[in-house]
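Letters go in sequence order (proteins before strands), and every chain restarts at 1.
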4 protein chains.
Amino acid sequence: MRTVDPAKHEARRRQILAAATRCFARKGFGQTRTADICAEAGMSSGNLFHYFESKHAIFAAIVEQDGIETDALFAELSTMDPWAALTAFFDLLVDLADDEYAKLALEISAEANRDERIAELVTANDRTLRAGLAALVERATAAGRIEPGVDADTAATWLTVLVDGLFNRVAVDPSFAPKRERETLRQVVARVLQAN
Amino acid sequence: MRTVDPAKHEARRRQILAAATRCFARKGFGQTRTADICAEAGMSSGNLFHYFESKHAIFAAIVEQDGIETDALFAELSTMDPWAALTAFFDLLVDLADDEYAKLALEISAEANRDERIAELVTANDRTLRAGLAALVERATAAGRIEPGVDADTAATWLTVLVDGLFNRVAVDPSFAPKRERETLRQVVARVLQAN
Amino acid sequence: MRTVDPAKHEARRRQILAAATRCFARKGFGQTRTADICAEAGMSSGNLFHYFESKHAIFAAIVEQDGIETDALFAELSTMDPWAALTAFFDLLVDLADDEYAKLALEISAEANRDERIAELVTANDRTLRAGLAALVERATAAGRIEPGVDADTAATWLTVLVDGLFNRVAVDPSFAPKRERETLRQVVARVLQAN
Amino acid sequence: MRTVDPAKHEARRRQILAAATRCFARKGFGQTRTADICAEAGMSSGNLFHYFESKHAIFAAIVEQDGIETDALFAELSTMDPWAALTAFFDLLVDLADDEYAKLALEISAEANRDERIAELVTANDRTLRAGLAALVERATAAGRIEPGVDADTAATWLTVLVDGLFNRVAVDPSFAPKRERETLRQVVARVLQAN
DNA sequence: CATGAATGAGACTTCATTCAT
DNA sequence: CATGAATGAAGTCTCATTCAT
C-alpha cells in the first residue's frame, strides 16, 4: 500500500543537485553540460530529465536550497545573543568560504544577470540575508553592544558587502586563505559596527 | 600607397571593444553571441574576426584594458597625499559602479573560473590593485593618518574585499544606489583603517 | 534494462560509413558536407556526431576499414598457389576498380597529403599491401613460376605502381573500362614478372 | 608609346602561378587559402584577384600550363628515334617525380573529380599524353624495336598507367626514391613493350 | 597598380531535450 | 524507472571575393 517512491524520488533529486553543484562550481552554469551532470551523478540523461525538467530548473533548485539554508541559519541565530550571533555568522562564513562554495556563489550572481527566474530567487535570498542581519544589528544596537551610526538596514547592507566581497576574494585570489583571515574579519566587522 | 593607417585599425578595435563591453555587461560572456557584438558595432562578422581572432580574445582584450586603466589610475594616485588618494579612489569607485560596469566586473570574475588566460589577466589586475592600495596604506600609516593595525598588504586585501563587495552589491541588488551610499562608504573605509 | 545493444550501434556506424563512402567518392573529402552524409545516411546531424566525433574521424574509419579488408584479402591469398593468388589479386582489382572505388582511392591518397592521421593509416595500408605482394612474389619465384629479376620487395613495389596507376586511370579517364582491359592487365603483370 | 605593362602583367601572373603551385602541392586545392597564395607570392589579396578572377582560375591555369609543357615535350620527342624518345620520356619522368610535382599531380587528378572545367583540361592533357606515347609506340613498333602485342593506343594507355602509378607512389610512399628506381623502371617499360 | 578592410554565406559541431524501448 | 539514441536549432568562425582608397 505505502509507495516507497517519494523518498527514493527525493533522494535521487538530492543526488542530482549535489552532482550539479559540484559541476556548476567547477565550470559555471553555461559551461556545464547536462552530460557532465549525468556523469557526475552516475545517471543517464534521459533519467536526469525525469527528475528535473531542464538545466535551468536544476540551477534554480540549488539557489532555492541556498535560500532555505539561509532561512534556517537565521532562525537559529535569532535565538542567540545578537552580538554572539553576528560573530557566529561571520565565523560560519569563513568555514563555508572554500573554493567550491565561493565559485558557486559567483556563478549564481552572474547567472542572475541573465535569467529572470534566477534573479528573483537571488533577490529573495538576498532580502532574507539582509533582513536577518538587520534584525541582529538592531538587537545588538539596542543592547548597546554596537554603535553602527547608521540605521540597521544600511548597516546590514554593508555587512553583505563584506559577505559578497569575501566570497569574491576567495574565488578570484587563490592566495587568499579565509581561515587565516578569520581574526582580521572579526576585527573589520567590529570596526564597521563600532562594537564595544 | 602605404595606405595601412594603423590609427584607423586601432580605432576599429576600440569600437569593437566598446560594443562588446556593452554586450558582455548585458548578457554575460556565454550568452553574448558574436552576432550581437557585430550588430552593436555595426559590422559584419567577417570583419569582426579581422580584428580579433575569437570571442575569447575580445573578452581578454577588455580585461587587459581594465588592467591598463588601473595602472594609470594608481600612477596618478601615487603622486597625491595618501589619504586623499584613498578617498579619491573610493569616490571614483562609486562613480564607476553603475550597473553596466558592475555586471561586467561580475562576468569577468566568473569567466576567470573557466578560462585560464582570463584568470591570468584577472590575477595580474588584482595584484596591481592590491599593490597600489598597499602603497597608499603604507604611506598613510607612515604619515599618521590611519592606524590599520595590520600590515599594509592585509589592509589592502580587505579594502579589495570592499571593492569587490560593492560591485557585487550593485550587480545583485537593484535597490542599492551607490551614489547615495557614498558617505557611508567613506565612513566604512575610515573605520576599517581607523583614520584619524 | 541493459538496453545497450552494441550490435545496433555497430550497424549504425557501418550505415554511416557506407553513406560517407558514397559521398566522399562523389565529391571528395573537402567538398562533402556533413549535411550530405546525414542526408545520405538518413540521419540528423546530431545523431551523426553521436557515432563519430568529426568528419575526419569518419574518413579515417573508412581508410582503416580498407586496411582491414586488405589484411583479410591477403590472409586468404596466402593459402593459395602464389601465381594463382597474384592472378586472383589483379582480377579482383579489375572487379573493384569501378568509378566509385577508384575515385575514393584517389581522395584517400590526396587527403593523406594534408592529414597526418590519414597519412599514417595510408602508409600502414600500403605496407600491408606491399608486404602481401612481396610474399606472393617470393613464393612464386621460389616455385619457378616467375623470374622478376629484382628482389621481391622491389617487384612488389612495381606491382603497386600498377595498382595505383590502374585506379588513377579509372578515375581520370572515363573511356577506360577496366573490365575490357582485364586480359591486357594479366599480360602486363606476366611480362613485368616474367612469368613462364 | 610602348607600354611595358603586358610583360609586367605576364610576369606577375607567372609569379602567382609559381607561388600557387607550391601551395597547392603542399596543402591541396581545398586546403590552400587565397591568403596562403598571397603570402607566398608576397602580394595582397586585392592584387591577386586583379590577375586571376578566382582561385579556380589559378588552378586551371596551372593545369593548362602543364598541358602546354606536355605538348612541347612531345613536339621535341617526335623528332627523335622512337625508342630513344620513349626512354628519354621515362627518364624525364624520374627527374620530375619529386615530392612537390607528384603531390600536385595527385591534387590535379582529385580536383578533376569535382570541377568540370578542371576535368576537361585534365582530359585534354591526358589525351595529348596518350596520343604522344601512341605515336612513339607505333613508330618503335614499325621500326621493329618493340613488340607490344597490342595496338598502339592500348600500349600507350598502359604506359600512362605506369606514369600515374609512379607519381602516386612518390606521393604516397616517402621511402620510394624514384631516382634509385630509374633502372628498374627502364626494365619494366622494356618488358611491357617487349623491347628487343 | 596595389592595399587590406569589408562582406556574408555557409561550414562543422555542440548540446539541451525528447522519445522509443 | 532507466537507458542512450535521436533531434535540430543555433553558435562560432572561415574564406573567397569585392571595393573604397
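- Secondary structure note: stems in DNA chain E built from 3 or more consecutive Watson-Crick or G-U wobble pairs under 3.5 Å occupy E:2-21 with F:2-21.
- The distance from atom CZ of D:R13 to atom C1' of E:dA2 is 17 Å, rounded to the nearest whole Å.
- The stretch residues 25-36 of chain D comes close to DNA chain F through D:T32, D:R33, D:T34, each having a heavy atom under 4.0 Å from the strand.
- Looking at which nucleotide of DNA chain E each of C:G46 and D:S44 is closest to, the 5′-most match is held by D:S44.
- Contact between D:L121 and D:A60 at its shortest, heavy atoms only, is CD1-O, 3.6 Å.
- With rounding to whole Å, B:K8 atom NZ is found 13 Å from F:dC19 atom C1'.
- Legend: residues meeting side chain to side chain contact (heavy atoms under 4.5 Å, CB included) with A:S44, ordered by chain and number and at least two apart, are A:N47.
- For D:R22, the side chain to side chain contact (heavy atoms under 4.5 Å, CB included) test picks out D:A18, D:A19, D:R26, D:E40, D:E100, with sequence neighbours left out.
- Judged as a salt bridge (charged side-chain N to carboxylate O under 4.0 Å, His left out), and not counting sequence neighbours, D:D66 has no contacts.
- Scored by the salt bridge (charged side-chain N to carboxylate O under 4.0 Å, His left out) test, B:R117 finds B:D115 as partners (sequence neighbours excluded).
- Qualifying ring pair (Phe, Tyr, Trp, His ring centres under 6.0 Å) partners for A:F24, counting only residues two or more places apart in sequence or in other chains: A:F29, A:F59.
- Applying the salt bridge (charged side-chain N to carboxylate O under 4.0 Å, His left out) criterion to D:R33, with sequence neighbours excluded, gives D:D36.
- The ring pair (Phe, Tyr, Trp, His ring centres under 6.0 Å) test applied to C:H50 returns no partner, not counting sequence neighbours.
- Within residues 47-58 of chain D, the residues approached by DNA chain E to less than 4.0 Å at the level of any non-hydrogen atom are D:N47, D:Y51, in residue-number order.
- Going from atom CZ of A:F24 over to atom C1' of E:dA16 covers 12 Å, rounded to whole Å.
- In terms of heavy-atom proximity, C:T32 sits nearest to C:C23 at OG1-O, 3.2 Å.
- Under the ring pair (Phe, Tyr, Trp, His ring centres under 6.0 Å) criterion, A:F52 pairs with no residue at all, not counting sequence neighbours.
- Taking the side chain to side chain contact (heavy atoms under 4.5 Å, CB included) definition, one finds that C:F49 meets it with C:T34, sequence neighbours left out.
- Straight-line distance from the CD atom of B:Q15 to the P atom of E:dA6: 8 Å, rounded to whole Å.
- Taking the nucleotide of DNA chain F with the nearest heavy atom to each of C:M43 and A:M43, the more 5' of the two is matched to A:M43.
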